[in-house]
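Working notes, structure below.
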Protein chains: 2
Amino acid sequence: MAKKISILDIAKALGVSPTTVSFVLNGRAKEKRISERLEEQVLKYVNEIGYKPNSLARSLRTGKTNTIGLVVESISNTFFSNIARAIEDIAYANGYRILYSSTENSIERTRAILQMFADRQVDGYIISPPEGVEAEIQRLVEGKKPVVLFDRMIDKLGLDSVSINNEFSAYNATKVFLGNGYKLIACVTLDSRQQQMKDREEGYVKALEDSALSPIVYKADFDISDDDFKNGFSSFLTQHAGIDAILFTTNYLAIKGLRHLRNMGYKVGETFGLIAFDEHDLFELHQPPITVIAQPIEEIAQKLIALLLDRLGTDRILEPQHLVLPTTLQLRASSNKNLFR
Amino acid sequence: MAKKISILDIAKALGVSPTTVSFVLNGRAKEKRISERLEEQVLKYVNEIGYKPNSLARSLRTGKTNTIGLVVESISNTFFSNIARAIEDIAYANGYRILYSSTENSIERTRAILQMFADRQVDGYIISPPEGVEAEIQRLVEGKKPVVLFDRMIDKLGLDSVSINNEFSAYNATKVFLGNGYKLIACVTLDSRQQQMKDREEGYVKALEDSALSPIVYKADFDISDDDFKNGFSSFLTQHAGIDAILFTTNYLAIKGLRHLRNMGYKVGETFGLIAFDEHDLFELHQPPITVIAQPIEEIAQKLIALLLDRLGTDRILEPQHLVLPTTLQLRASSNKNLFR
DNA sequence: TTGTATGCGTTATCAG
DNA sequence: CTGATAACGCATACAA
């Protein structure tokens, strides 16, 4: 590092005052009407010795850390890691760094994370909140830190948010099943009060109601073990004999389901319809290719960070924005048994 | 937040000096022989008002930020996001936070990232370095910051590192092809001077040499477009008619390859062998299931962070450690055409 | 146009 | 055992 050089050393070496150096460094030379010669001289010297301001000291002074706290369910989940990847780029381009952390849907963990982020004095937050952390998030807002939510909403807090039209997406997907002649359509979802999960289920239910059919729903815990899922899921299937299509409301439930369906001898595609939420690298290559409800990852990331940077840029409290982005139904063979005839 | 309270306020409120409060807060009460009554009193008050020390100020003073810089190729790659996930946990448990960034194999980007991390004064680095950043990493080391490398090595720097036995893994996998009766075995790899890629290729070559066969290698650029890959790959296949097995040295090349092989009508599994580096969610569910060389992700992460924490804990310069972990060859149908007879 | 002095919240050095 | 007080490096109000 050789991080010994401070603004003072520069000032001394050049025989000017630290203020002058500071102004030049912050691009306020013109504004402060510092002579161009001097400005150049400072810039040149700074460049020569490779001086970099100490961001800690600067942050301590200004109260800004140029850091954004990103709280996701799990960074190892492709949906979130892709979001993170996209956010990273835009944040960096705007001079912000990312501190991230995975909640694993645990309230405890989330509390700890938020506490840490607060300690670190991040300037703003992007959060996909688990259930039950309303109070903590509320506290952030009270601390005047901008917060943008995604993936899951917490309506009552009136925060900026970016989400997708969950209900319609599920409704639409279920309609595809119906249109393709599936009769007994089930929904496998999370046992959760998260709004987006409820919405997805609701969309499914409504589509069935349109055709005077009754919903068949299996709910699994977020952190269900493979064994428990297997047991629960297979007894669900035998209980409701004749199910010929399933809408999975999350990606990893779909993967779990796919595995067990195959093990149990169901012919996904040929006789059994399947649609999953969220795109996945290999869904297209799966045999049969899996129909998915794809979220616009890039766009979500863009809107999130744009919203946050917006808030970061001003002190005024703006009307909260709720962006609802459309999904894309990526039609593949798994939702159309007619292709197999 | 209400982050107005400082150690000074506490001192005033309690009628003691800031020093005392500081000592108590840092658990040095005993050491400094501060009366227990006073200690309790301070602790109690601090707890009551929910005071949290300002980590910025502390870092400025101590020169430690309790932050680790994690530099990966791309956080959206499952291998790296899983590593990141595992590292995150252990780091947090030890009081460290993670700043991360994706290089996308660009020297420019990596330089910028390293610069940023240095500005942020991270305490240590975990890096999977692209080619050509030796000088920059060297500089970190000169700045007395511990650096642990993974996935790719830079031998001459003599840094701590965690890697896998790339050559043997590829050798072993190729042997499986040979044992299962494949005749014309190709290798698809990265056009790169990265040591681990050369090692993988070398393992493949050696296995073939054992049987007096000549290697057939296709090399693609790291950031090759789908179209370019398609063109290059298919002309490679026609040039070397009769190829009946391929070892892919990276996960995403395998996925690209899989896609094009399917489009071109090759019957992976039945008549065409395939083995890929790195596990993937859906490889097991693919039809046929894909044989992979699986890296011990948890263990890699554990060793990385353990090594780094070790270095962080002491000033002494220790003999650099090079941990080489074994991979697991996950045998599935894609590498055994006999299963299809 | 530039310099001086002060504070951000901690920790550490030294006295007492 | 405890309390002043000086740093850490930067930014800014205020002077000159």
Side-chain angles (χ1 to χ4, degrees), chain A residues 1-43 45-46 49-66 95 118-121 123 143, chain B residues 1-43 45-46 49-67 95 118-121 123:
Chain A
M1 240 71 346
K3 261 289 171 53
K4 318 294 290 182
I5 346 152
S6 87
I7 215 168
L8 199 76
D9 299 320
I10 300 179
K12 270 189 203 140
L14 259 41
V16 299
S17 96
T19 314
T20 311
V21 180
S22 176
F23 282 153
V24 172
L25 255 31
N26 291 323
R28 303 176 58 187
K30 302 257 150 25
E31 179 189 336
K32 294 294 175 182
R33 298 199 289 180
I34 287 168
S35 72
E36 278 195 23
R37 261 188 323 118
L38 218 164
E39 181 182 1
E40 264 176 51
Q41 193 187 357
V42 171
L43 252 21
Y45 182 72
V46 159
I49 61 173
Y51 163 82
K52 294 286 164 190
N54 179 325
S55 55
L56 285 172
R58 174 181 286 175
S59 293
L60 181 58
R61 182 63 235 252
T62 61
K64 288 203 46 168
T65 55
N66 282 302
D119 288 357
R120 290 301 171 112
Q121 289 163 270
D123 293 338
Chain B
M1 251 40 12
K3 261 286 171 53
K4 316 296 284 184
I5 346 154
S6 89
I7 216 168
L8 199 75
D9 299 321
I10 299 179
K12 269 189 206 143
L14 259 41
V16 299
S17 96
T19 316
T20 311
V21 179
S22 175
F23 281 152
V24 172
L25 254 31
N26 291 324
R28 302 174 59 186
K30 303 257 147 29
E31 179 189 339
K32 294 294 174 183
R33 299 201 286 180
I34 286 168
S35 71
E36 277 194 24
R37 260 190 323 120
L38 218 166
E39 182 183 1
E40 263 175 52
Q41 193 188 357
V42 171
L43 251 22
Y45 183 71
V46 159
I49 61 173
Y51 162 82
K52 294 285 163 191
N54 179 328
S55 55
L56 246 39
R58 171 181 292 180
S59 294
L60 179 60
R61 186 60 235 247
T62 62
K64 289 202 45 168
T65 55
N66 283 304
T67 306
D119 290 356
R120 289 302 171 110
Q121 288 163 272
D123 293 336

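In this text, all values refer to a predicted model and were calculated from it rather than measured experimentally. Letters go in sequence order (proteins before strands), and every chain restarts at 1.
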Distance, rounded to the nearest Å, where [X] contributes [atom1] and [N] contributes [atom2]:
| X | N | atom1 | atom2 | result |
| --- | --- | --- | --- | --- |
| B:Glu31 | C:dA12 | CD | C1' | 12 Å |
| B:Arg28 | D:dT2 | CZ | P | 15 Å |
| B:Leu25 | C:dT11 | CG | P | 7 Å |
| B:Asn26 | C:dA12 | CG | P | 7 Å |
| A:Lys12 | C:dT2 | NZ | P | 20 Å |
| B:Asn66 | C:dT11 | CG | P | 12 Å |
| A:Glu36 | C:dT2 | CD | P | 12 Å |
| A:Leu60 | D:dC10 | CG | C1' | 9 Å |

Using only side-chain N and O atoms of [X], determine if any of them is under 4.0 Å from OP1 or OP2 of [N].
| X | N | answer |
| --- | --- | --- |
| B:Asn54 | C:dC8 | no |
| B:Arg58 | C:dT11 | yes |
| A:Tyr51 | D:dC10 | yes |
| B:Ser35 | D:dT2 | yes |

Testing the basics here: between A:Tyr45 and A:Ala13, what is the closest heavy-atom pair and its distance to 0.1 Å?
OH-CB, 3.3 Å

Which angle, to the nearest 10 degrees, lies between the helix axes at the two ends of the helix from C:dT1-D:dA16 to C:dG16-D:dC1, each defined by five pairs?
50°

Set out, line by line, the N/O atom pairs under 3.5 Å between protein and nucleotides 3-7 of chain D.
residue : atom : partner : partner atom : Å
D:dG3   : OP2  : B:Ser17 : N            : 2.9
D:dG3   : OP2  : B:Thr20 : OG1          : 2.9
D:dA4   : N6   : B:Thr19 : OG1          : 2.5
D:dA7   : N3   : B:Arg61 : NH1          : 3.1

Out of curiosity, [X] [atom1] to [Y] [atom2], how far, rounded to the nearest 0.5 Å?
| X | Y | atom1 | atom2 | result |
| --- | --- | --- | --- | --- |
| A:Leu14 | A:Leu38 | CG | CG | 7.5 Å |
| A:Gln121 | A:Asp119 | CD | CG | 8.5 Å |
| A:Arg58 | A:Arg61 | CZ | CZ | 12.5 Å |
| A:Ser35 | A:Glu40 | OG | CD | 9.5 Å |
| A:Leu56 | B:Leu56 | CG | CG | 5.5 Å |

Looking at every strand, decide which applies to A:Arg37 at a 4.0 Å heavy-atom threshold: base, sugar-phosphate, or nothing.
nothing

Counting any heavy atom closer than 4.0 Å, what does B:Ser55 reach on the DNA or RNA strands: base, sugar-phosphate only, or nothing?
nothing

Taking side chain as C-beta onward, heavy atoms only, is A:Arg120 less than 4.5 Å from B:Asn66?
yes

Quick check: do B:Leu60 and A:Asn54 have side-chain heavy atoms less than 4.5 Å from each other?
yes

Could you pull out every donor-acceptor pair under 3.5 Å between side chains of residues 20-30 of chain A and any protein atom, sequence neighbours left out?
residue : atom : partner : partner atom : Å
A:Thr20 : OG1  : A:Ser17 : OG           : 3.3
A:Asn26 : ND2  : A:Ser22 : O            : 3.2
A:Arg28 : NH2  : A:Glu31 : OE2          : 3.3

